[in-house]
There are 2 protein chains.
Amino acid sequence: MPDDEGHPSVDEMQLGNVLSALSDPLRRRVIRELSLAPVGCERTCASFELPVSKATTTHHFKVMRESGLIRQVNRGNSRAAQLRIDDIENRFPGLLDMIRSEQGMTK
Amino acid sequence: MPDDEGHPSVDEMQLGNVLSALSDPLRRRVIRELSLAPVGCERTCASFELPVSKATTTHHFKVMRESGLIRQVNRGNSRAAQLRIDDIENRFPGLLDMIRSEQGMTK
DNA sequence: TTTAAGGTACGAGTCAAATCGTACCTATGG
DNA sequence: CCATAGGTACGATTTGACTCGTACCTTAAA
């Protein structure tokens, strides 16, 4: 059972949810940026400057959080998002590499 | 440019299309069965007996074909579907293993 | 030649996902 | 204290995906 913030444990991660989460270009862009940053990097939702409204941004981060791709922790004022690198790599080896090396996302 | 039957070349395969294709449980089931069968295995769409209409089955196979996951070749009467194992493994290493080992698909 | 099986094409319905605006909460920094 | 930045929650809209029925095509087999 996911914790009260919606994070599934490693074992609770479902391939279907992960693939659905990653089928959206904006979410893939977020995961890509996180996976390209130094390990342990933390970023706020807003820092990605997605070309959508605040409400939609929240929605996307919720999908990523509930699929297990990211962890969001309260940092007083804001919520820091971090990639669950080890969990993803354990359950779905190679997946992050695919996202990282996606073509046409150079921007 | 995809051939006249809608097959993209290896280089034309797009991560986004592949992930979208795999985000549907029925299509994942097809890919899973194909990846579990002997290499080079050919099967008709109908042989999967998806719990949907013929028209819908055609739709799902079109999505998989246009994303590059399968190849469909005319066999006179019917069209044989085969998994593009090497192409997938080259472009997206590890992806087939994920599908193959998905939990809760034992059925 | 007739029947049936495997598929496709089209239009239409339905439901989930993405999007937004607004209102609201919380903490930090003047 | 007050303004502001980062986020969430809610309801509403829109868009796209999945679905279907029907009509139609092609080939193999009876």
Side-chain angles (χ1 to χ4, degrees), chain A residues 2-7 14-34 41-83, chain B residues 2-7 14-34 41-83:
Chain A
D3 66 16
D4 42 335
E5 298 201 66
H7 298 107
Q14 304 251 262
L15 180 61
N17 294 338
V18 169
L19 293 177
S20 294
L22 290 174
S23 65
D24 183 278
L26 288 184
R27 293 194 289 258
R28 222 153 52 232
R29 168 169 147 188
V30 169
I31 299 300
R32 182 170 194 275
E33 290 192 28
L34 282 175
C41 171
E42 282 189 357
R43 291 183 56 181
T44 65
C45 308
S47 74
F48 292 92
E49 297 183 311
L50 300 184
V52 289
S53 69
K54 271 205 302 182
T56 302
T57 299
T58 296
H59 162 70
H60 283 305
F61 275 81
K62 181 179 181 181
V63 173
M64 291 187 280
R65 171 169 24 99
E66 294 185 342
S67 70
L69 287 173
I70 64 170
R71 177 170 288 113
Q72 278 180 292
V73 295
N74 289 320
R75 287 273 178 273
N77 201 2
S78 59
R79 296 187 80 184
Q82 37 184 226
L83 193 59
Chain B
D3 66 16
D4 41 336
E5 298 200 67
H7 298 106
Q14 304 252 269
L15 180 61
N17 295 338
V18 169
L19 293 178
S20 295
L22 290 174
S23 66
D24 182 278
L26 287 185
R27 293 194 290 258
R28 221 153 52 233
R29 169 169 145 187
V30 169
I31 300 299
R32 182 170 194 275
E33 290 192 27
L34 283 176
C41 171
E42 282 188 358
R43 289 182 60 180
T44 65
C45 308
S47 75
F48 292 93
E49 297 184 310
L50 300 184
V52 289
S53 70
K54 272 204 304 182
T56 302
T57 299
T58 296
H59 161 70
H60 283 306
F61 275 81
K62 181 179 182 182
V63 172
M64 290 187 280
R65 171 170 22 103
E66 295 184 343
S67 72
L69 287 173
I70 64 171
R71 177 170 286 114
Q72 278 181 292
V73 295
N74 289 321
R75 286 272 179 272
N77 201 1
S78 60
R79 296 187 79 184
Q82 37 184 227
L83 193 60

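Sequence lines set the chain letters: A, B, ... in the order given, protein chains first and strands last, and positions in each chain run from 1.
- Here A:Thr44 reaches the OP1 or OP2 of D:dG7: one of its side-chain N or O atoms lies under 4.0 Å away.
- Per the geometry, NZ belonging to B:Lys62 stands 15 Å off P belonging to D:dT19, to the nearest Å.
- Residue-level contact check: B:Arg43 touches neither bases nor backbone, having no heavy atom under 4.0 Å from any strand.
- Rounded to an integer number of Å, the gap from CG of B:Asp24 to P of C:dC15 is 17 Å.
- Taking only side-chain nitrogens and oxygens, A:Arg27 comes nearer than 4.0 Å to OP1 or OP2 of C:dA18.
- B:His60 comes within 4.0 angstrom of sugar-phosphate atoms only, judged by non-hydrogen atoms across all strands, and of no base.
- Per the geometry, NE2 belonging to A:His59 stands 14 Å off P belonging to C:dA16, to the nearest Å.
- Regarding B:Arg65, its CZ atom lies at a distance of 11 Å from the P atom of C:dG7, rounded to whole Å.
- The shortest side-chain heavy-atom distance between A:Cys41 and A:Leu83 does not fall under the 4.5 Å cut-off.
- Remark: A:Ser47 pairs with A:Arg43, A:Thr44 by the side-chain contact (heavy atoms from CB on, under 4.5 Å) rule, at least two apart or across chains.
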Going through the distances and angles, do A:Ile70 and A:Ile31 end up as a side-chain contact (heavy atoms from CB on, under 4.5 Å)? CA-CA 8 Å; A:Ile70 64 170; A:Ile31 299 300; 3.9 Å; yes
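- Comparing atom distances between the B:Arg79 side chain and each of D:dG7, D:dT19, C:dG7 picks out C:dG7 as nearest.
- Within the 4.5 Å cutoff, the side chain of B:Leu69 has no heavy atoms near those of the B:Val63 side chain.
- In this structure, CD of B:Glu66 is placed 13 Å from C1' of C:dA9, rounded to the nearest angstrom.
- Side chain of B:Arg65 to backbone of B:Ala81: no donor-acceptor contact under 3.5 angstrom is found.
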Tabulate atom names and distances for all N/O pairs under 3.5 angstrom spanning the protein and nucleotides 21-30 of chain D.
residue : atom : partner : partner atom : Å
D:dT27  : O2   : B:Asn77 : OD1          : 3.3

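- Annotation: of the two residues near DNA chain D, A:Cys45 and B:Val52, the 5′-most nearest-nucleotide partner is A:Cys45.
- Protein atom CZ of B:Phe61 is 13 Å distant from nucleotide atom P of D:dT19, rounded to whole Å.
- Counting to the nearest Å, the P atom of D:dG7 and the CD atom of A:Glu5 are 13 Å from each other.
- If B:Thr57 and A:Ser23 are placed on DNA chain C by their nearest nucleotide, the residue sitting closer to the 5' end is B:Thr57.
- For the pair A:Glu49 CD and D:dG7 P, the computed distance is 12 Å after rounding to whole Å.
- In this structure a side-chain-to-backbone donor-acceptor pair under 3.5 Å is missing from A:Arg27 to A:Leu22.
- Results of the side chain to side chain contact (heavy atoms under 4.5 Å, CB included) test with B:Cys45 over B:Gln72, B:Lys54, B:His60, B:Met64 single out B:Gln72 as the only residue that passes.
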